[in-house]
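The structure appears below as structure tokens.
Each chain gets a letter, A, B and so on, in the order its sequence line appears, and its residues count up from 1.
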There are 2 protein chains.
Amino acid sequence: MTVSRVVNNKGEISTTTRQRVQEVIDRLGYRPSHIARSLATDRTATIGLVVPDNANPFFSEIARGVEHLAHEQGYNVFLCNTDEDAQREIAVLRSLEEKRVDGVILCSSRLDADDLHLVLAHHEAVVLINRRLEDAAVGMVLVDDASGAYLATQHLLARGHRAIGFLAGPRQSYSGQQRQQGYCAALHDAGIAPPPVWIQHCPPMVTSGKTATLDLLAANPELTALVCFNDLTAVGALQACANLGRRVPDDLAITGTDDIPLAALVTPPLTTCRVPMYELGRQAMRGLLARIGGESIDSNLVLVRPELVIRASAP
Amino acid sequence: MTVSRVVNNKGEISTTTRQRVQEVIDRLGYRPSHIARSLATDRTATIGLVVPDNANPFFSEIARGVEHLAHEQGYNVFLCNTDEDAQREIAVLRSLEEKRVDGVILCSSRLDADDLHLVLAHHEAVVLINRRLEDAAVGMVLVDDASGAYLATQHLLARGHRAIGFLAGPRQSYSGQQRQQGYCAALHDAGIAPPPVWIQHCPPMVTSGKTATLDLLAANPELTALVCFNDLTAVGALQACANLGRRVPDDLAITGTDDIPLAALVTPPLTTCRVPMYELGRQAMRGLLARIGGESIDSNLVLVRPELVIRASAP
DNA sequence: ACAGTTAAAGTTAGCGCTAACAGTACAGGG
DNA sequence: CCCTGTACTGTTAGCGCTAACTTTAACTGT
């Protein structure tokens, strides 16, 4: 027990005894087991981070922010991919429960509200990223997706565009729904009622963005601009235009969302709504630490506003 | 103890008793604690994955491969970033030790051999990715970087280039050293002795690749081709050429390494040596599972060969 | 000398599970 | 009937740490 006082710097111990014990620790090569400590203290100093795909630059930057702050605070982070599969999402949340993580950060959950309530009830501290959940004692760190898409659409309107299409993300995506609302609001405010055919859903990847753009433009050749769910789908849209011989931005102006590193590196560089993903990750970890520590929480909701970054795809 | 037999499907138990116990488990909402189980069994069913930067597409794909196979096999993965800092690398390895992970996958370690031996001695199962270590009972999954760079350089030679520069990676990078060897070997085989000024070291990022390329071309305007440490530095080289008004590939042909998604999306798309990162991750996890399971290991070394992917930056 | 206080050190039950063993019941063979 | 083997069930010490408590020693005040 004196070893515990030395290792954890807790409880009453004299300097003399501390040094004596430390020497024994060093000599015997004592290596404390956090497993035993966790069982005794009911704390593991671990958290779970659940993302749809850790290789997606949006989530990898969030993960980096989470891991950095976690490390600074003495926590280790379990990384779990859901691969956009609800069953897998439930499975990983259950395995984290058995591992008795101190808390969970869940990104862009695709579970319906009932299932989400059910499975999160077993976790004492939870922060959701990009997912709203009513009547639950969880933190939420949301991007103000509506205002981001509103900004991008307004920018295009200000440049004279009227026929503006929208590449929505996955249908179950909370972010996608919010972005669609912002897009529609900007058009309505300009006195334009966007016909449903100007809106095309697709998974959040380059290839699907390209396919969706080809479909959208085939059905709506009058479009002169396109607001995209994210930068990956926007790059797909660039590829579609290259295929069709449509110049960007002259024939079709394109905006993305997120400002992942790729956005600035493609040709032409993408106008996009910058979401501070790294900071989003840190904010979520900050909220989670507060919950784990039992601090009083001012608000369950943190709203991060995107900012428009103008580049050559829609100057 | 009968609960344990049911939950873990181990030991003798009759069908009648199993059902009876399962009903009690369901009724009471019993949720097993893997922490207690870990203390009793000396197994945590967790592993550590240590990478320089989880947001780097090379490592994020590796992480995805590791996490997928880990999940399939009932393991949870701790994600740890080293940020190219040796002290942090040691710190995370120590924290994994205290968490009693069953094994560690360590990517592109920057520790010198002595320190690496010392800190890995406390881990029973280890697989290194992109790092060779002699006299250690660890697995190693290596990319045959030398042959990759040899292929790229040979391709440029076959296209008639003679003055070929090399953007090396970080000086302490094992991959960088191997790629440099392949580059030099290809030139030597073509009867060319590459002057040291054709070789420029730089960190593995877009911005540093751009800076290094500007420096290299300023000092060596005779260069007509460039082999780059990775795709990120190659994109930096593309940017440098755009700044200098040098056309790619006509004035300077450029090759990258890794074939991260970005490589195909930039303009012009990069010729590059494709490294199957996802598969690299799965291979490493496979080797780690074999070590954790105490299986006899055929070989400590798995060598993965890159293949040349020809695109417009060096057709 | 005695009583009270306090800093420090020592002790142990308990965290929740399981490997290992002991006990029980039954079937089959001699 | 007795013995042996096997399937099954029940029991418990131990994993390594720590919160909580007890004990000890030293000091101070009366």
Between atom [atom1] in [X] and atom [atom2] in [N], what is the gap in whole Å?
| X | N | atom1 | atom2 | result |
| --- | --- | --- | --- | --- |
| K10(A) | dA20(D) | NZ | C1' | 12 Å |
| Q19(A) | dA8(C) | CD | P | 14 Å |
| R43(B) | dA19(C) | CZ | P | 12 Å |
| E12(B) | dA20(C) | CD | P | 15 Å |

Requested in this report: Could you tell me which residues satisfy salt bridge (Lys or Arg N to Asp or Glu O under 4.0 Å) with D83(A), sequence neighbours excluded, listed by chain and number?
Outcome: R88(A)
Query raised in the report: What pairs of residues pass the ring-ring contact (aromatic ring centres under 6.0 Å, His included) test when at least one of them lies in residues 76-119 of chain B, not counting sequence neighbours?
Result: F78(A)-F78(B)
**Report entry** Residues that V7(A) engages under side-chain contact (heavy atoms from CB on, under 4.5 Å), provided they are two or more places apart
**Finding:** V3(A), I25(A), Y30(A), P32(A)
Report task. State which residues pass side-chain contact (heavy atoms from CB on, under 4.5 Å) with R305(B); sequence neighbours excluded, sorted by chain then number. Result -> D144(B), S147(B)
Query raised in the report: Charged N to carboxylate O below 4.0 Å: is that the case for E97(B) and R31(A)?
Result: yes
Distances under 3.5 Å only, N/O to N/O: pair up the protein atoms with those of nucleotides 13-17 of chain D.
| residue | atom | partner | partner atom | Å |
| --- | --- | --- | --- | --- |
| dG16(D) | N2 | A36(A) | O | 3.4 |
| dC17(D) | OP1 | Y30(A) | OH | 2.9 |
| dC17(D) | OP1 | S33(A) | N | 3.1 |
| dC17(D) | O5' | Y30(A) | OH | 3.4 |

**Report entry** Non-neighbouring partners of H68(B) that pass ring-ring contact (aromatic ring centres under 6.0 Å, His included), sequence neighbours left out
**Finding:** Y278(B)
